[in-house]
Each structure stands twice: as structure tokens, then as C-alpha cells.
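This report concerns only the one structure given below.
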Amino acid sequence: MILFRKFRVLILMVFLVACTMHIMIDLLPKLEKRATGADSGDGGCQCAHHPGGESQGWGKQRARSAAEAGWPNKHTLRILQDFSNEPSSNLTSHSLEKITAAGDKAESVRRMRPSAGKAEDHKPLIGDASGGRTVSVHGVSRLSALFEHPLYKVDLPPLTDDDTLFNVNTDIRFYPRSTGNQGWHNEEGNEEEEGFTPTGDVTADSYPNWLRFHVGINRYELYSRHSPVLDALLKDLITQKITSVGESCTVLFLACMCTQLKLIMTFQNYGQALFKPMKQTREQETPPDFFYFSDFERHNAEIAAFHLDRILDFRRVPPVAGRLVNMTREIRDVTRDKKLWRTFFISPANNVCFYGECSYYCSTEHALCGKPDQIEGSLAAFLPDLNLAKRKTWRNPWRRSYHKRKKAEWEVDPDYCDEVKQTPPYDRGTRLLDIMDMTIFDFLMGNMDRHHYETFEKFGNDTFIIHLDNGRGFGKHSHDELSILVPLSQCCRVKKSTYLRLQLLAKEEYQLSSLMEESLLRDRLSPILIHPHLRAMDRRLQLVLQVLAGCIEKEGYVNVVEEDLAGDTATHRNPGHR
């Protein structure tokens, strides 16, 4: 008994010593940097929603340097930002607060590499990335003709304060006098300066583009059809200087969990975006032996999903643009994440590589390598911070089992939708119809990884579904995964606007593949999809229309197609009652 007690005490002492050493290892670099007067920072667990891990000393120093450079206080800018594509995104409301200026080291590297800078300068901007190549009919762009169609000019209901995401606090003012940069000051202490409220039309053009995007979000859409802010924001994503980089993870059960490598990039105007690096070439398909939950997340799938969502007139995917990133200058030299920094190495082919820390494909065998240090990736604009615009995460009723052998209930019960129709929030409003929209969207891409979805909490259940995390789409152009269409075939419900647009996109004068090809030509990394993927979308569109035709034949047009074009008539209708 005495030996057993001594053994327990010994185990406890070893545990305490290990914890103490772990804490000291983390604190020692900070103490050394503080002693030498340098900025303090620690890699730690770079979670997208983890509270800011940097010391107050660094924050004060950053504020002083920003003030000397003519930048206003960044606090109210940064609090508006957050992004998550993980199912626990509504558990916390903190964004990554690690913003850093490019140091002397980065500047010296930039001077040493003029050729890389020149090459980027000569790349076409997003507006003219097509190089004049457009797919046209009778001399008119197919895409322009599509957006001029009456189905793409349906007006939204009049917006009230309850229908807009932000009613910006009037005591926060924007000051366009800052030296060429955009930022926010608090009204206090600046009474002698002229300020404008963020809701005023006079200074709307002076806001940073990412903030204009946030302010424009409403109950019905992330952005308007012909919003000039969208093109400006897409341009920012590929041209803004990157000042800070950290890994994006999710906090689950007090642990930092990363599935695949994703980076949070902060820009000079304090905007942020989620960076997914290139893992596969355009021609590679998902290996046939891969499960859907272990598939790669493709950067070109994120880009193509944004364009497809816009062509379908959903406007529920945050803006995404492709960018060629210098791994040395724009990632390694500006990151404050020690764990990320330590994974950089030079390959035998003299290419710069890194692999980060995550659950899948983060090892030297799956390292991401540049040519020699340039790498493609997608940049998705952040949604507003959860502190200001909380989002609710919902489990997808048709979520897959994420198991090698087990099947989900909907896969074995053909009457599963009847149960869903009686369950809130699917028993009223448009939520079930929005699920059908998302089902069609995922089937056209071949995306099987839709386990959760999010909505803005302010709008309750009467709002759209945000289509986040589309990286596992466009994996197989030679296979159509019909199980993705099960929600549509079980429920036999669709919005009239969606049904008519699908029929329109199937016509020869428009044709979904041609529209996608033309739209994707505008991206910096064009071509985004190879032709087999484009042709697969046309084929899948016909399959969707066949399923809907079968539903109409079985249940009748009025019981399948829900009227949503003649005003807001479907908002409070019970989808389970016919």
C-alpha cells in the first residue's frame, strides 16, 4: 500500500514537472525578446477564434508604431472581422488578433527579389484577367446577357433596420484624412476633427472594401447582384499587402483542432481572408479509394464555388479570389506563429516548402512546395466578427455518417423528409427550400462534405443559409454522386425562382458550363476548372431537372414548385402542409 502511494506521488510529481517545463519553454522566448526590447509574440495554438494571445506590451508598441505611421486606432476595425467554416464557429466570438507590420527583414527580402515583384506587377488585375477572352452569343457576353434577364432583376422586399445586419454605432466615426490609409477612430478625444457616421452616404466610398461588404449584408443576401463593392473587394484580396499570417483552427473541448492546413492572412487595411493553398493540380481527380471525409480541400473548388453560387443567383458564398503568394516574403517572413515557421524547409529541388500543423496531410510527405517559392491559393473574405454579428450553426438534416461502415438515417429511410418537415425550423418559412437550394448547389459541384451550415442569428429562422467551406467540391468530373440529390428526391420541393433559373441555365443560349467558363476567366489564376468539370456541370444540371420532373409528375406542379417571385408569400407557409 505504501509503495502504491509513493508511486502515485511520483507520477504526480513527474506530471507537474512536465507541465512546468512546458510553460517555461513557451514563456522563455517571450522573456528573452522582452529583455532585448523586441516585440513579444508566441506561435502557440493559432486558432481562428482563440482570444488574442499576444501580450499587452506588443499591442501598445503596435499602436504606437501605427500612430507614427499615420494609421488610426484599429480596434473597432478588427472587431468587425471573423470567419469560420467549422461546425463550432458559434461557440466563440473572438477573431485572430495577430496583426503585424512588415519588418525590416521583409523589406530587405523584397529589395533582394525585384524580379518577383515585377512579375506580380505585370499580372492582369481581376477585371481584365480574361485578356479580352469572353464567350459570347451574337456579340453579347453570355454572362452579361444572363444578368440582364428578368429572373436576375427580381427586387428584394424593402429593407428595414431589422433586415440589415448592421446598424452601426454612431459614436464610431471614420476619418478619411488618414494618410492614404483607411481606419477608425473613436469619437472621444477627436472632437476638433470632422467625423462622419458609418451609416452616412457621404463617406460610404471611404470605407475599406471589406467593411463595405460587411455593412451591405442583409436578411436576403451577402451582397447585391451588381454591387461595385464586390469587384473592389476581390481586387483587394489579390493586391493588398499581407502583413500577418497564422494557422486557422477550431477550438473544440479546450483543444486546438486543425483538419487541413488553412491560413488566416491579414492585410495592410486590416482586412482578413482565409487562405487555402493549392494541394492538387487542375487535372487530378479524387482517388477512388478516398472517403469523402478524408478528401483534399481544393483551392480552385473554393474559387469555382463562389462563381457558381453567383451564377445561380444565390449570393450566399463569401467573395473568393485566387492569388499567387510568395511563401518566403508573404508567409514565412510575416508569420508570428512559431509552429508554422518551424515547418518551413528547402526541398531537394531547392523549392521552399512548409506543412504546418493539422490532422490531415500536415507532414513532410504532404508538404506544400512552391516554384521555387510561389504557391497558388484561394483567399475567402472574412464574415463579420461574431461579437457583432453572431452566427448560429445548424446540423444538416442530411448529414452523412462520417464513418467507414455506418450509414445515416436518411440513407435507409425513404420517408425521412416527412420527419424533417415536422421539425423546427423546417416546419415553416423557407429553411427547407434553402436546404434544397444548397443540395442543388452541392450536387453541381460534387460536394459530399456538408455536415453543418450557418445562419446569422439576428435574422432568426427567416434568412438564407451561408454556403461556407466548399473545398471538397469539383473532385470527380467522371462521376455524379446521386446520393447528394437525396434531399431533393425525398422532399420534392423547390423554389420557383430556383426552378426557372435552372431551366434557363440548361438552354443552349446560356448553358451553365459556358457561363462558368466566362466567369472564371476573370480570376487571376485562370483557368480554374478544366473542361471535363465544366461539362460535368451541364450533365448534372440535366439530372437535377430530371429529378424535379419526376417529382412534378408524381405530386403535381403546385405541390413541388413553391411560389417565391410574387412577393414574400412563402415566408410563413408551412412546407409540410399541402
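Keep in mind that what you see is a predicted model, and the values were worked out from it rather than measured.
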### Task
Could you tell me whether H149 atom NE2 has more than 12 heavy atoms of other residues or ligands within 6.0 Å of it?
yes

### Message
Salt bridge check, E297 against K276: does any charged N sit closer than 4.0 Å to a carboxylate O?
### Response
yes

### Query
side-chain hydrogen bond (donor to acceptor under 3.5 Å, both in side chains) with T286: which of R298, Q280, H479?
R298

### Query
Between L165 and K458, what is the shortest heavy-atom contact and its length?
O-NZ, 3.5 Å

### Message
I want to check a possible cation-pi pair here: R431 against W394, using under 6.0 Å from ring centre and within 45° of the ring axis as the test.
### Response
yes

### Message
Show, in sequence, the C-alpha distance, side-chain angles and deciding distance for S483 and R400, and conclude whether the side chain to side chain donor-acceptor pair (under 3.5 Å) test is met.
### Response
CA-CA 10 Å; S483 65; R400 297 177 183 273; 2.8 Å; yes

#### Entry: Expected output: side-chain R225 to main-chain V154 donor-acceptor under 3.5 Å
yes

### Query
To the nearest 0.5 Å, how far apart are CZ in R142 and CD in Q511?
6.0 Å

### Side-chain (D163) to main-chain (N218) donor-acceptor, under 3.5 angstrom
no

### Query
Which heavy-atom pair separates H214 from F166 by the least distance, and what is that distance?
O-CD1, 3.5 Å

### Query
Do side-chain atoms of T463 reach the backbone of F459 as a donor and acceptor pair under 3.5 angstrom?
no

### Query
For F474 and A305, which heavy atoms make the closest approach, and how far apart are they?
CE1-N, 4.2 Å

### Task
Report the residues that fulfil side-chain contact (heavy atoms from CB on, under 4.5 Å) with V420, sequence neighbours left out, ordered by chain and then residue number.
P397, W398, Y416, Y426, L432

### Summary
Heavy-atom closest pair (L261 atom, P277 atom, distance to 0.1 Å) is O-CD, 3.7 Å

### Donor-acceptor contact present, side-chain S519 to main-chain M516, <3.5 Å
no

### Task
To the nearest 0.5 Å, tell me how far E376 CD sits from I303 CD1.
7.5 Å

### Message
Give me the atom names and distance for the closest heavy-atom approach of L543 to F443.
### Response
CD1-CZ, 3.8 Å

### Query
Would you say E302's side chain and G471's backbone share a donor-acceptor pair under 3.5 angstrom?
yes

### Task
Go through the steps to decide whether R493 and N559 satisfy the test side chain to side chain donor-acceptor pair (under 3.5 Å), and finish with yes or no.
CA-CA 8 Å; R493 298 290 308 285; N559 292 324; over 6 Å; no

### Task
Could you walk me through whether D449 and Y402 pass side chain to side chain contact (heavy atoms under 4.5 Å, CB included), step by step?
CA-CA 9 Å; D449 185 36; Y402 287 82; 2.5 Å; yes

### Residues I435, Y453; criterion side chain to side chain contact (heavy atoms under 4.5 Å, CB included); working and verdict
CA-CA 10 Å; I435 291 288; Y453 64 87; 3.6 Å; yes

### Query
So, the side chain of S401 versus the backbone of K406: is there a donor-acceptor pair under 3.5 Å, distance only?
yes

#### Entry: Min side-chain heavy-atom separation I530-E283 under 4.5 Å
yes

### Query
What do the steps show when you test D236 against W210 for side chain to side chain contact (heavy atoms under 4.5 Å, CB included), and what is the final call?
CA-CA 9 Å; D236 281 351; W210 59 263; 5.9 Å; no

### Task
Look at K476 together with E285 and state whether they make a salt bridge at an N to O cut-off of under 4.0 Å.
no

### Shortest non-hydrogen contact between P319 and L234, atoms and distance
CB-CD2, 3.9 Å

### Message
Within this structure, what is the CZ-CD1 distance for the pair R282 and I528, rounded to the nearest 0.5 Å?
### Response
5.0 Å

### Query
Honestly, is R501 close enough over Y152, meaning NZ or CZ under 6.0 Å from the six-membered ring centre and within 45° of the axis?
yes

### Task
Check side-chain contact (heavy atoms from CB on, under 4.5 Å) between P527 and all other residues, then give those that pass, not counting sequence neighbours.
none

